[in-house]
Every structure is written in C-alpha cells, then in structure tokens.
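Any value given below was found using the heavy atoms of this structure, including those in side chains, with hydrogens, waters and symmetry copies removed. A, B, ... follow the sequence lines: proteins, then strands. Residue 1 opens every chain.
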Amino acid sequence: MLLLALLQEETDKALFLEFHGRYERKLYAVAFHILKSPALAEDAVQDAMLQIITHFEDFKRIKQKSCHEIAPWCITIVKHAALNILRREGRSGSLEENWNAPTPENVEDESAYDRLVALIRAMPEQYRTVLELKFVLEWGNREIAKALNLSPGTVGVRVQRGRELLIRRLEQEGYSRGTV
Amino acid sequence: MEQSELDGMLRSALLDAERADWAHVLSGPLPEPDFSPRYCRRRRQMREDPFAYAKRRTRPLWRQAVRIAACILLLAGISLGGFLAVSPEARAWVTQRLSVIWGDKFAFFTAPEHQDRLPDLSQYRPAYIPEGFELVREWAPHEFFFTLTYRDGAGDYIDYNTASLSSSSTFEFIVDSEHSDSREIQINGLPATLLSSHTEGWPSHLLWEDAQAGIAYCITAMLDDETLIRVAESVTCVTG
C-alpha cells in the first residue's frame, strides 16, 4: 500500500515537473503582461505553481478529460495570482456595471457559443473573475470571498448577476435561450 | 437548457475566452527571463519535492503562531510566573518583546503599546543602502505597516519592514531557524536579534524595536552581517 502511494507520488512529481518545464515561461509571460514587473511576475508564477500543486487532483482530472484545457486553466490561475498582487498593491479597478460588448457582425453567421465567448472577453473583469473562480477553478463561494475580500453573499450575487448579464445580452441580440 | 448544462457551456466558454485573450502573448516568442536568485532558489526547492514544498509553503501561519504562542505561555507559566509576580522590571521586559526558537522556527513578537499617536512609518527609512541596490517597491497596506524592497542587478534583495507598536496590534515575525544562527546584538543602543544565515542562498534577518518611537523593525536581506547591521543603524526619520 505504502509502495503504491510512493509510486503515485513519483508519477505525480514527474507529471508536475513535465508541466513546469513546459509552462513556466508561458505563465511568466502572462504574469509579466499584467504586472509589468519581473519581480512581481516571478511572485505570481510562484503563487500559481503552488496553487497547481495544491489542486493537483484537479490538474490530473482536467488533463485526463481534455489536455487542451490545461493551458487556459493554468493561465486562469496565473492571471488571478497576478490580479491578486495588483489588488494587494491597490492597483485594481472599480466595479463597472456596464460593458461595451462588441457588436455582432451577423447573428446568422455567429453561433451562440462563439458569441458567448466574445461577450466574456469584453465583460468587466470583476464579474469575469468570480465566474472564472466559480466555474473554471471550481472554488466555493467562501473560498472566492476570502480571495477577493468579499462576503460570500456578495460572491453569490455576482455569480448570479454575471451569468444573467451574459444570457440577457445574448437574448437581446436574438439568440434564443434554447441555443445558449 | 438545464442550469447544469448552461454552467458547463459557460465553463467551456470561459476557458476559450482565456485562450483567445492570451493567444497573442503565447503564440509570440516566449520571454527568456533572467530569473532572480531568489526565484531560482524557490524553483529549485519546488522541483526537488513539489508536494512537500507546497505543504510547507501553504501551512497556515496562524497554526504556527498558535503553536509558538502556546509554547510561550507554557514557558511564561512555568519559568517566569513566580518571577513576574514579584518583579515589575521583569514584567516590563517580557511585555515589550518576546522571541523564541521552537523546533525549526524562530518567532519574534511585540506586545501592544499604548500610544496616543501612531508614528508615520513611511518617514523612517535607511539612509544607507549598499551600492547597486535600487528601491523597487514601497508598500503601506495600512497605517500599522510599511515596507520597502530594494533589489540589485544580481537579483539579491533587501526587504525593510516596519510595524507600529500600537495599542491594538502586535507584530509577529516567524522564520525557519534551520538556515541561520541567532545572536543578540545592539542597534544604536537598542537590543536586537540577528539571524545570520549560514546557508548559501538564504537571507539573514535583523529584528529590533524602538519603544520610544513606537516602531518594530525587521530587515531581511541577502547581505553579510556587517553590511546588514550598517543598513539597520542608518535608519532615521527623514523629516528629522
């Protein structure tokens, strides 16, 4: 039993080291783009790697399900690590209620899914952040609240509101709820 | 569409949005960062044993603090109890400053002071910083704490931290003691603790407090003892 556990740990370690070798500079590039500081970007990469290790079961599950999801998943983690540093330094923005969503070229040509992706990309970061933490990293409201210095109730409201904003915008643009 | 299906689609869309957002960064040539020695050191430790490293790094500070506080209470109760009861001088010393080595940890605590006015911590800075170091970060999350970070071209750093000895807060500093030797010294006539690194790539720490100014100081730096002490002794109130 102990031998199996040790073997599993060695396998996990090898998996992590392979990931670390492949992604370290990519995560650094994202962190540096946000923070504009080599020292802070290093801190963000370090924080992100720690999170990935502590959520290694999630990492393995995602990799097994679809290895294409690993890149955006770990980018989400390092992005939040970098935004967290910005928040600590008081450099994050205020909550915006509205956003300038890009106008659709032609509803007939663009699928509801593609449109949803485009709307998310233009969404205010504060709503997008809670949606990412909730649905991509699968954190609970309490964990998100702690990370963002909000009350769990506020997190719940933002998740609900962020989701509704996206659906309402899609419906306003002529996409039916059934296709969303 | 069911809520769970919608949430599943939302998750996929969030991931695709992330991929699209960062495509320009990731598809271009990746940077060849000149990582700092501090980062390289941490990376080496992480890669040696990622899971043990993460466990060490994410261990809640409060758990360490509670364990150390329990030790202090025990020590105070057993060794000092009788003495404190009869000696006001001893009581005054203990309530000002406590440091203890517990297992592989060194802990330094200040006790709350009763002050009418909090010092402006940002006014207290080292007048001497070794050549080659530049100020890269100045951070004051609140009025009780102020920090300056200096770095040099080789990635070595000096972290200068100050905390006010207020009536409502204590300053706690906990560090691994296995990489340093502790000794008591004086900084401008004030008692101080120097944790001198004996391990390549680990910083030294210097801690002291100035009860008159109402400030606790902690400098963590990749410097030799003499230079570190010189930096500490140069700390002055810049507005005089």
**Item:** Contacting moiety of Glu24(A), where chain B heavy atoms sit under 4.5 Å
**Value:** side chain
**Fill in**
Between Ile120(A) and Ala13(B) the two heavy atoms that sit nearest each other are CD1-CB, 3.6 Å
**Request:** Could you tell me which residues in residues 135-156 of chain A have at least one non-hydrogen atom under 4.5 Å from a non-hydrogen atom of chain B, sorted by residue number?
**Result:** Phe135(A), Val136(A), Glu138(A)
**Asked** Does atom CD of Glu18(A) have more than 12 heavy-atom neighbours from other groups under 6.0 Å away?
**Response** yes
**Item:** Nearest-0.5 Å distance, CG of residue Asp43(A) to CZ of residue Arg42(B)
**Value:** 6.0 Å
**Asked** Could you give the distance from CD1 (Ile167(A)) to CG (Leu10(B)), rounded to the nearest 0.5 Å?
**Response** 8.0 Å
**Asked** If you count heavy-atom pairs under 4.5 Å between each of Leu131(A), Val45(A), Leu17(A), Thr54(A) and chain B, which one has the most?
**Response** Leu17(A)
**Message:** Looking at every heavy atom in both Arg151(B) and Ala39(A), which two are closest together, and how far apart are they?
**Reply:** NE-CB, 3.4 Å
**Request:** Report the distance from atom CD1 of Ile70(A) to atom CG of Leu15(B), rounding to the nearest 0.5 Å.
**Result:** 10.0 Å
**Fill in**
Okay, Ser12(B) and chain A: the region with an atom under 4.5 Å from a heavy atom over there is both
**Asked** Can you tell me if Arg137(B) uses its side chain to pair, donor with acceptor, with the backbone of Leu40(A) under 3.5 Å?
**Response** no
**Prompt:** Where does Leu26(B) contact chain A at under 4.5 Å (heavy atoms): side chain, backbone, both or neither?
**Reply:** side chain
**Message:** Between Glu42(A) and Arg43(B), does any NZ, NE, NH1 or NH2 come within less than 4.0 Å of an OD or OE carboxylate oxygen?
**Reply:** no
**Any Asp16(B) side-chain heavy atom under 4.5 Å of Arg121(A) side chain** = no
**Fill in**
The interface call for Ile62(A) against chain B, heavy-atom contacts under 4.5 Å, is side chain
**Asked** Is there a side-chain contact between Tyr53(B) and Met49(A), using heavy atoms and a 4.5 Å cut-off?
**Response** no
**Item:** Spatial distance of atom CZ (Phe56(A)) from atom CZ (Phe51(B)) [nearest 0.5 Å]
**Value:** 4.5 Å
**Item:** chain B contacts, top residue of Lys79(A), Arg25(A), Lys134(A), Lys13(A) (heavy-atom pairs, under 4.5 Å)
**Value:** Arg25(A)
**Asked** Taking Trp22(B) for the side chain and Ala29(A) for the main chain, is one N or O donor matched with an acceptor at less than 3.5 Å?
**Response** no
**Asked** Do you know the tightest heavy-atom contact between Leu116(A) and Met9(B)?
**Response** CD2-CG, 4.1 Å
**Item:** Over 12 foreign heavy atoms within 6.0 Å of CD, Glu226(B)
**Value:** no
**Asked** Can you check whether Pro31(B) reaches Phe32(A) side chain to side chain, under 4.5 Å on heavy atoms?
**Response** no
**Request:** Report the distance from atom CZ of Phe16(A) to atom CG of Asp49(B), rounding to the nearest 0.5 Å.
**Result:** 11.0 Å
**Prompt:** Within a strict 4.5 Å, meaning less than it, do heavy atoms of the Asp21(B) and Ile75(A) side chains meet?
**Reply:** no
**Asked** Hey, is CG on Asp34(B) packed in by over 12 heavy atoms from elsewhere, all under 6.0 Å?
**Response** no
**Request:** Look at Arg163(A) together with Asp7(B) and state whether they make a salt bridge at an N to O cut-off of under 4.0 Å.
**Result:** yes
**Request:** Please state whether the side chain, the backbone, both or neither of Glu48(B) comes within less than 4.5 Å of a heavy atom of chain A.
**Result:** backbone
**Test ring pair (Phe, Tyr, Trp, His ring centres under 6.0 Å) applied to Tyr128(B) - qualifying residues, sequence neighbours left out** = none
**Prompt:** Within a radius of less than 6.0 Å around CD of Glu134(B), do more than 12 heavy atoms belonging to other residues, nucleotides or ligands occur?
**Reply:** no
